[in-house]
Amino acid sequence: MTKITVAKTAGYCYGVRRAIQTARDCARKQRPVYTVGQLIHNKFVVEQLRQEGIFACDSAEQVPDGAPAVIRAHGVTQREEALLRQKGCLIVDATCPHVARIHRIVEQESRAGRHILLIGDASHPETVGAASRCACCTILETPAQAQKWAEDNADTPVSAAVQTTFNHEIFVNCAKILKNACKSVCIFDTICNATGERQREARTLASGSDAVVVVGDSTSSNSRRLYEICCEACRDTVFVENADDIDPGRYRGKDAIAIAAGASTPDLIIKEVYDKMTDEMNIQETESFAELLEQTLKTLHTGEKVSGVITQINPTDIHVDLGVKQAGYIPTTELSDDPNYVIADNIHIGDEIEAYVMRVNDQEGTIMLSKKRLDAVKNWEVLEKAVESGEVYDCVITDVNKGGVIANVLGIRVFVPASQTGLPREADLSQLVKTRQKVRITEVTRPRRRVVGSIKAPMLEARREAAAKIWESIEVGSVYTGTVKSFTTYGAFVDIGGVDGMIHISELSWSRVKHPSDVLKVGQEVEVYVIALDKEKKKISLGYKKAEDNPWTKFESTYSVGDVAPVKIVKFMPFGAFAEVLPGVDGLIHISQIADRRIGKPDEALTVGETVNAKITDIDNDKKKISLSIRAVLDASSTEPEAVVEEENEAE
């Protein structure tokens with residue numbers, strides 16, 4: 001006995017159904033309504049809509065000024081949309097969300113300076129509309145064209161998208177060619193999931209059938225694709241627009257017959273084809289058309305897990321097509337528990353989304369959904385596995401709690417004890433709030449909804465890894481950028497990326513330093529260099545003062561033996577006084593060179609902080625020592641007048 005099977009995916013896809021419903025809703029409020037081009041590619045539906053006051057125009061120019069204009073499922077060009085706005089039309093956008101996603105992709109990639117390749121039918125309105133949104137675009141219809149373009153433009157940065165209803169096999173072949181030949185290529189598989197599923201089911205049914213009937217309009221791209229696919233799998237495949245094109249007699253004696261239909265084919269036409277074949281032939285159907293239709297009209301129940309396609313994004317909710325009679329929506333408050341969740345970065349029209357059914361309102365025909373509750377169930381399982389795997393999460397610290405801080409990991413509250421924050425004891429934990437930290441999950445108790453984590457553990461692990469790399473490559477003279485961690489009276493400790501080194505107080509500055517805090521601050525970033533190291537004892541000595549800042553170098557270029565310089569008395573010793581010649585350079589004035597008379601102590605003639613003129617009598621460059629004499633300056637000044645008197649006497 002002959003069997004007949006109707007494809008479960010036969011009939012309207014959600015994009016077509018949405019476009020028709022949008023136009024009808026618009027027409028109920030105001031008539032007439034106009035579309036630029038046919039709303040969908042089906043003459044029967046277009047005529048049906050015309051009778052309802054929805055008229056198809058060949059171009060935007062034909063739409064009357066100020067009239068309601070519904071943008072068809074395939075979208076329009078940017079020029080057409082701009083013209084409608086200029087004409088003051090009330091634009092109602094019924095573009096299929098999958099097509100809108102292509103528009104968004106090509107616009108973003110084009111702005112990034114990449115050449116856009118559109119794989120699809122060059123004359124199809126969807127492809128034409130997408131191409132209008134690109135600064136530079138090429139349309140490819142075959143793998144041969146893709147090969148030629150790639151050979152001529154291998155160095156061009158390129159991004160490729162594909163018509164939503166295009167042949168998947170051709171797209172895959174084109175993508176392989178582009179990936180192999182182009183140096184910089186991004187491939188976006190934008191074939192509608194419903195289209196892909198429809199094509200896969202048609203191929204499977206056709207390969208197991210003696211005959212196939214494909215129902216659809218001759219102008220419909222996806223219907224023609226179905227026909228081509230079925231022809232490859234079954235020789236006896238026909239393409240019909242309605243029941244009038246069917247000759248039931250040709251199928252007598254066939255054991256298995258399949259019926260497939262394009263996404264723009266209404267249920268009524270599919271049913272007419274089905275009924276004509278079953279009425280005039282003795283056919284045993286595996287599943288009645290009424291049962292198949294009922295599947296799309298089923299009612300969902302609270303607590304069910306569902307998946308759908310995002311069709312609209314509003315400030316307060318997200319509309320989701322679930323393939324049922326009720327309209328699904330997710331309040332924005334039910335998207336995520338993550339305080340840093342940004343809708344624009346995570347949710348786009350045309351994306352598939354999974355959610356829980358929260359409430360079904362049959363009277364209003366709506367279903368309220370929650371994504372965050374479904375995510376929470378999944379994420380608890382993920383965190384339980386993370387305890388075993390030791391995975392580290394990058395998250396935000398949201399609050400300070402008694403004894404620790406609170407982190408948000410995958411939308412779940414995680415407690416981090418103070419001892420695991422990585423901060424010193426008694427430190428102010430509030431400094432971590434609103435900062436991003438890496439957290440490792442250490443404990444999950446789902447019945448108590450308790451999760452414990454550690455910032456310290458991944459921090460220590462990162463330090464160990466960094467330290468190992470440093471010890472492998474460190475050598476005397478190596479330069480690092482480090483962070484000042486702490487001070488002692490004799491120096492400063494600096495973290496150079498997982499390893500601590502010490503700058504001795506004598507290496508901080510060329511000038512005298514009483515305490516390291518006079519030069520550095522805790523937390524300050526500094527550039528240091530290795531002056532000594534002991535890998536066995538894990539000790540590193542660092543230098544901070546720069547050779548080019550050495551005051552002795554400046555002294556050598558400024559003064560020589562015999563020069564007189566203003567010096568500042570800085571310290572007394574029993575044998576003399578030390579005086580600063582330049583900042584960082586001191587010289588010794590021996591007690592015998594302080595005055596032109598005999599003195600017992602330096603303070604009999606000098607005062608600390610006093611500035612006097614002194615003659616440089618000796619310089620020891622090796623030992624960096626300078627000998628000074630005030631007496632030499634005094635003697636020189638006292639002898640000059642006497643010499644003048646002697647010369648005058650001789651002249652007399």
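- By the 4.5 Å heavy-atom criterion applied to side chains, Phe415 and Gln420 are not counted as neighbours.
- Counting heavy atoms from C-beta on, the side chains of Trp552 and Val585 come closer than 4.5 Å.
- Around NZ of Lys539, the count of heavy atoms belonging to other residues, nucleotides or ligands within 6.0 Å does not exceed 12.
- Among Glu388, Glu391, Glu461, the single residue meeting the salt bridge (charged side-chain N to carboxylate O under 4.0 Å, His left out) criterion with Arg440 is Glu461.
- Taking the six-membered ring where tryptophan is involved, the planes of Phe578 and Phe575 are perpendicular, since the angle between them exceeds 60° and thus also 30°.
- For NZ of Lys371, the number of neighbouring non-hydrogen atoms (other residues, nucleotides, ligands) closer than 6.0 Å is greater than 12.
- Two residues are said to be in side-chain contact when any heavy atoms from C-beta on lie closer than 4.5 Å; Met368 and Tyr329 meet this criterion.
- Put simply, the side chain of Ser370 never gets that close to the backbone of Met358: no donor and acceptor are under 3.5 Å apart.
- Here the side chains of Leu383 and Leu410 are in contact, with some heavy-atom distance below 4.5 Å.
- Asn314 and Thr316 are not linked by any side-chain donor-acceptor pair at a separation below 3.5 angstrom, with hydrogens and angles left out of the test.
- The minimum heavy-atom distance linking Lys623 with Asp620 is given by the pair N-OD1, 3.2 Å.
- If you check the side chains of Ser184 and Arg114, you find a donor sitting under 3.5 Å from an acceptor.
- A donor-acceptor pair under 3.5 Å links the side-chain atoms of Lys545 to the main chain of Ser506, judged by distance alone.
- One finds a salt bridge joining Glu107 and Arg133 here, because a Lys/Arg side-chain nitrogen approaches an Asp/Glu carboxylate oxygen to under 4.0 Å.
- The backbone N or O of Ala632 sits nowhere less than 3.5 Å from a side-chain atom of Asp635 that would complete a donor-acceptor pair.
- Between the side chain of Asn153 and the backbone N or O of Thr156 there is no donor-acceptor pair closer than 3.5 Å.
- To the nearest 0.5 Å, atoms CG (Leu588) and CD1 (Ile626) are separated by 10.5 Å.
- Shown here for Pro602 and Phe572, the closest heavy-atom pair between the two residues is CB-CD2, 3.7 Å.
- Side-chain N or O atoms of Asp351 include one that pairs as donor or acceptor with a backbone N or O of His348 at under 3.5 Å.
- Put simply, the side chain of Leu374 does not reach to within 4.5 Å of the side chain of Leu369, judged on heavy atoms.
- Thr558 contributes a side-chain N or O that, together with a main-chain N or O of Lys554, makes up a donor-acceptor pair within less than 3.5 Å.
- With respect to the salt-bridge test (charged N to carboxylate O, under 4.0 angstrom), the residues Glu443 and Arg450 qualify.
- Between the side chains of Ser473 and Glu475, no donor N or O sits under 3.5 Å from an acceptor N or O.
- By the neighbour-count criterion of 12 heavy atoms within 6.0 Å, atom CZ of Arg446 is densely surrounded, having more than that number from other residues, nucleotides or ligands.
- Using a cut-off of 4.0 Å between Lys/Arg side-chain N and Asp/Glu carboxylate O, Glu465 and Lys469 are scored as not salt-bridged.
- Within the cation-pi definition used here (under 6.0 Å to the ring centroid, within 45° of the axis), Lys538 qualifies as a partner of Trp471.
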Query raised in the report: Could you walk me through whether Asp394 and Arg436 pass the salt bridge (charged side-chain N to carboxylate O under 4.0 Å, His left out) check?
Result: CA-CA 7 Å; Asp394 187 9; Arg436 297 199 74 86; 3.6 Å; yes
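- The two residues Leu429 and Ala418 make their nearest non-hydrogen contact at CD1-CB, 4.0 Å.
- Tested against Leu628 for a side-chain contact (heavy atoms from CB on, under 4.5 Å), the candidates Val581, Thr617, Val564 yield a single pass: Val581.
- Between the side chains of His504 and Ser541, no donor N or O sits under 3.5 Å from an acceptor N or O.
- In terms of modelled atom types and a separation under 3.5 Å, the side chain of Asp495 and the main chain of Gly498 share a donor-acceptor contact.
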